[in-house]
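Comments concern the structure below.
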Amino acid sequence: MSQTVDRALSILPLLAEGPADLGQVADRLGVHKSTALRLLRTLHEHGLVYRQSDQRYRLGARLFALAQEAMENLDIREIAHPHLVRLNEQCGHTVHLAVYEEQEVLYIDKVESRYPVRMYSRIGKPVAITVAAVAKLLLADLPEPERRALAEQLDYPLYTARSTPHAEAFLKELATVREQGWATDLGGHEESINCVAAPVRGADGRVVAAMSVSAPNVVVTAEELLSLLPLVRRTADAISGEYSGRTPVKGTLA
């Protein structure tokens, strides 16, 4: 039975490359045509493959519907939370998870610092979109026309001397973030708070969330916080792998 299931599932990646006829499927599986036909018929009955008028087979609509349903039911916060907790245990600083919704970037999870000095961010609260590291990552991934249109309609409060002053400066920074794949906020929102962030990506490579580590400079210097970037990026990659189904569920780091 397990061999039959394995063979049937092996047909799906083949058809993902494009339509294939019975002979091609049989050759790829290394089985007789009658065996390949039996497997294809079973997949066809479940809507996972479709036989075209030219007798070639392609992936069925039911497969796409299942994939879409699965993606809609994925809870990025639920998947990410154990990784955020583990990262917090390793570094001791505040860890955030944020998403982009309706032209706002919102915190959807937070693990508090173990140090006495705490951040006043709250789950569900919008971030300072023109300076926050998580916002830069999420906006940098938008298509260029949407990214520019949004940047041009935003206000640019000067929270500190390091705040982003205007749209062109913001777009330039987003281009840098898009290229390097990580972002920082070094005193842009609050003089005393620094932050480093990394993207969480879905199966299509698009950024679905951003996670960050933040700390006041009375606890750790900006340079010391930046030294955590490899750890933050590995954590984000682990969340991405689990969310997209690319890797087995496991601990973030050994």
Please walk me through it: do L139 and L142 pass side-chain contact (heavy atoms from CB on, under 4.5 Å)? CA-CA 5 Å; L139 300 188; L142 295 175; 3.9 Å; yes
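- No side-chain donor from either of T94 and K110 sits under 3.5 Å from a side-chain acceptor of the other.
- With salt bridges taken as basic N to acidic carboxylate O contacts below 4.0 Å, none links R41 and E45.
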Is there a side-chain contact (heavy atoms from CB on, under 4.5 Å) between M211 and T235 once you walk through the steps? CA-CA 9 Å; M211 54 153 297; T235 302; 3.8 Å; yes
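- Remark: E78 CD is loosely packed, at most 12 non-hydrogen atoms of other residues, nucleotides or ligands lying under 6.0 Å away.
- What you find for L59 and A16 is that their closest heavy atoms are CD1-CA, 3.8 Å.
- Residue T130 holds its OG1 atom at 5.0 Å from OH of Y159, rounded to the nearest 0.5 Å.
- Judged by distance alone, the side chain of D141 and the main-chain N or O of V207 form a donor-acceptor pair under 3.5 Å.
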Run E168 and K172 through salt bridge (Lys or Arg N to Asp or Glu O under 4.0 Å) and show every step you take. CA-CA 6 Å; E168 283 307 311; K172 183 177 180 180; over 6 Å; no
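- Grouping the Ile, Leu, Val, Met, Phe, Trp and Tyr side chains by contacts below 4.5 angstrom, directly or via other members, places L225 with L97.
- A donor-acceptor contact shorter than 3.5 Å links the side chain of T42 to the backbone of R38.
- E190 contributes no side-chain N or O that, together with a main-chain N or O of S192, makes up a donor-acceptor pair within less than 3.5 Å.
- Linking Ile, Leu, Val, Met, Phe, Trp and Tyr residues whenever their side-chain heavy atoms come within less than 4.5 Å leaves L137 and Y107 in two separate clusters.
- With hydrogens and angles disregarded, no donor-acceptor distance shorter than 3.5 Å links the side chain of E104 to the backbone of E101.
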Going through the checks in order, is the ring pair (Phe, Tyr, Trp, His ring centres under 6.0 Å) test met by Y156 and H166? CA-CA 6 Å; Y156 291 86; H166 48 69; 7.4 Å; no
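- Shown here for A209 and I76, the closest heavy-atom pair between the two residues is CB-CG1, 4.2 Å.
- In terms of modelled atom types and a separation under 3.5 Å, the side chain of D204 and the main chain of R206 share a donor-acceptor contact.
- Ion pairing of E17 with R58 is absent here, as no side-chain N (NZ or NE/NH1/NH2) approaches a carboxylate O to less than 4.0 Å.
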Let's go through V85 and H81 carefully: what are the C-alpha distance in whole Å and the side-chain angles of both, what is the deciding distance for side-chain contact (heavy atoms from CB on, under 4.5 Å) to 0.1 Å, and is it a yes or a no? CA-CA 6 Å; V85 170; H81 187 73; 3.5 Å; yes
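- Checking side-chain atoms of R162 against main-chain N and O of L186 turns up a donor-acceptor pair under 3.5 Å.
- In terms of hydrophobic clustering, with Ile, Leu, Val, Met, Phe, Trp and Tyr side chains grouped at heavy-atom distances under 4.5 Å, V196 and V200 are assigned to a common cluster.
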Would S214 and H93 count as a side chain to side chain donor-acceptor pair (under 3.5 Å) here? Give the steps. CA-CA 6 Å; S214 304; H93 306 305; over 6 Å; no
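- The backbone N or O of T184 sits less than 3.5 Å from a side-chain atom of K136, completing a donor-acceptor pair.
- Linking Ile, Leu, Val, Met, Phe, Trp and Tyr whenever their side-chain heavy atoms come within less than 4.5 Å puts L48 and L14 in one cluster.
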Take R77 and D109, measure what salt bridge (Lys or Arg N to Asp or Glu O under 4.0 Å) needs, and give me the verdict at the end. CA-CA 7 Å; R77 181 182 181 277; D109 202 2; 3.4 Å; yes
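- Considering OG1 of T35 and CZ of R7, their distance stands at 6.5 Å, rounded to 0.5 Å.
- I108 and V127 end up in different hydrophobic clusters when Ile, Leu, Val, Met, Phe, Trp and Tyr side chains are linked at under 4.5 Å.
- In terms of modelled atom types and a separation under 3.5 Å, the side chain of R178 and the main chain of A140 share a donor-acceptor contact.
- Under a 3.5 Å cut-off, the side chain of H32 and the backbone N or O of S34 do form a donor-acceptor pair.
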Take L84 and N88 through the side-chain contact (heavy atoms from CB on, under 4.5 Å) test and state the conclusion after the steps. CA-CA 6 Å; L84 305 183; N88 170 265; over 6 Å; no
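- Residue Y50 qualifies as open at atom OH: its count of foreign heavy atoms under 6.0 Å is 12 or below.
- Separation of atoms NE2 (H96) and SG (C195) is listed at 8.0 Å; rounding is to 0.5 Å.
- The heavy-atom pair separating G188 from V131 by the smallest distance is O-CG1, 3.7 Å.
- At least one donor-acceptor pair under 3.5 Å links the side chain of N194 to the backbone N or O of G187.
- In this structure Y100 satisfies the ring-ring contact (aromatic ring centres under 6.0 Å, His included) test with no other residue, sequence neighbours excluded.
- For S227 and E224, the side-chain atoms include no donor-acceptor pair closer than 3.5 Å.
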